[in-house]
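A quick note: this is a predicted structure, and the numbers were derived from the prediction, not measured.
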Amino acid sequence: MTNNSIHTFASEEYLLLLWLSEHLTETKAASIIKFSQSEIAQEQGCSPTTINKRMQALQRVKCIQPHGKKGNYIITETGNQVIKQMKQIERLIGG
């Protein structure tokens, strides 16, 4: 993300959702999040517990859901719509 002004309106959960959307693994079945929570934590510079809480929050609002084997997730239609709307806000405030 090149525009830091989005941080004014974006939650940490949204920023994680956006990061996840930019790091999907394409498979025949779906675009899958194949990172462990420890790997995500390392990439995000926070603890696995923090990532777990954020992932649970994203699941509660139906932005991500488990997929296939344990530890894999997909971004739902709701999650994709959230990203789309937030990108519109980013364009609005970013000029």
Side-chain angles (χ1 to χ4, degrees):
M1 184 170 14
T2 59
N3 186 343
N4 287 331
S5 60
I6 193 65
H7 292 276
T8 301
F9 297 99
S11 68
E12 293 298 325
E13 290 78 9
Y14 167 71
L15 294 173
L16 174 59
L17 178 64
L18 182 62
W19 185 89
L20 293 170
S21 75
E22 294 170 347
H23 295 86
L24 296 172
T25 299
E26 299 294 326
T27 68
K28 289 180 182 180
S31 297
I32 299 173
I33 300 160
K34 294 189 91 173
F35 290 92
S36 71
Q37 290 185 8
S38 293
E39 291 169 324
I40 296 169
Q42 186 175 13
E43 289 289 325
Q44 294 289 302
C46 60
S47 74
T49 301
T50 298
I51 293 301
N52 183 273
K53 288 177 184 177
R54 291 177 186 164
M55 296 284 283
Q56 287 178 3
L58 290 170
Q59 284 183 73
R60 277 193 303 277
V61 296
K62 299 182 179 14
C63 285
I64 64 171
Q65 68 184 33
H67 179 78
K69 74 178 200 179
K70 186 176 179 173
N72 289 345
Y73 296 87
I74 61 169
I75 297 175
T76 64
E77 184 57 35
T78 298
N80 286 317
Q81 287 298 316
V82 166
I83 292 167
K84 181 179 176 181
Q85 294 295 316
M86 287 299 290
K87 286 185 176 190
Q88 288 177 344
I89 292 170
E90 182 178 1
R91 283 190 295 277
L92 177 68
I93 62 177

With a 4.5 Å cut-off on side-chain heavy atoms, are Asn80 and Lys84 touching?
no
Below 4.5 Å, heavy atoms only, C-beta onward: do Ile83 and Leu17 meet side chain to side chain?
yes
Is Thr76 reaching over with its side chain to a backbone N or O of Cys63, donor-acceptor style, under 3.5 angstrom?
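Present.
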Closest approach of [X] and [Y], non-hydrogen atoms and distance?
X	Y	answer
Thr78	Val61	CG2-O, 3.9 Å
Phe35	His23	CE1-O, 3.3 Å
Ser38	Pro48	OG-CG, 4.1 Å
Ile75	Leu20	CD1-C, 4.1 Å

Could you check whether Glu77 and Gln81, counting side-chain N and O atoms only, form a donor-acceptor pair closer than 3.5 Å?
yes
For the CG atom of Asn72 and the NZ atom of Lys34, what is their distance to the nearest 0.5 Å?
6.0 Å
Tell me every residue that passes side-chain contact (heavy atoms from CB on, under 4.5 Å) with Gln44, counting only those two or more places apart in sequence or in another chain.
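With sequence neighbours excluded, Gln44 shows a side-chain contact (heavy atoms from CB on, under 4.5 Å) to Leu16, Trp19, Ile40, Cys46, Ile51, given in chain and number order.
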Can you list everything that forms a side-chain hydrogen bond (donor to acceptor under 3.5 Å, both in side chains) with Asn52? Sequence neighbours excluded, please.
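Per chain and number, Asn52 pairs via side-chain hydrogen bond (donor to acceptor under 3.5 Å, both in side chains) with Gln37, Gln56.
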Using side-chain contact (heavy atoms from CB on, under 4.5 Å), reason through Gln65 and Ile74 one step at a time and then give a plain yes or no.
CA-CA 6 Å; Gln65 68 184 33; Ile74 61 169; 3.5 Å; yes
Is Met86 reachable from Ile93 through a run of I, L, V, M, F, W or Y residues, each pair having side-chain heavy atoms under 4.5 Å apart?
yes
Shared hydrophobic cluster for Ile32 and Leu18 (ILVMFWY, side-chain gaps under 4.5 Å):
no
May I have the step-by-step check of side-chain contact (heavy atoms from CB on, under 4.5 Å) for Thr50 and Arg54, ending in yes or no?
CA-CA 6 Å; Thr50 298; Arg54 291 177 186 164; 3.4 Å; yes
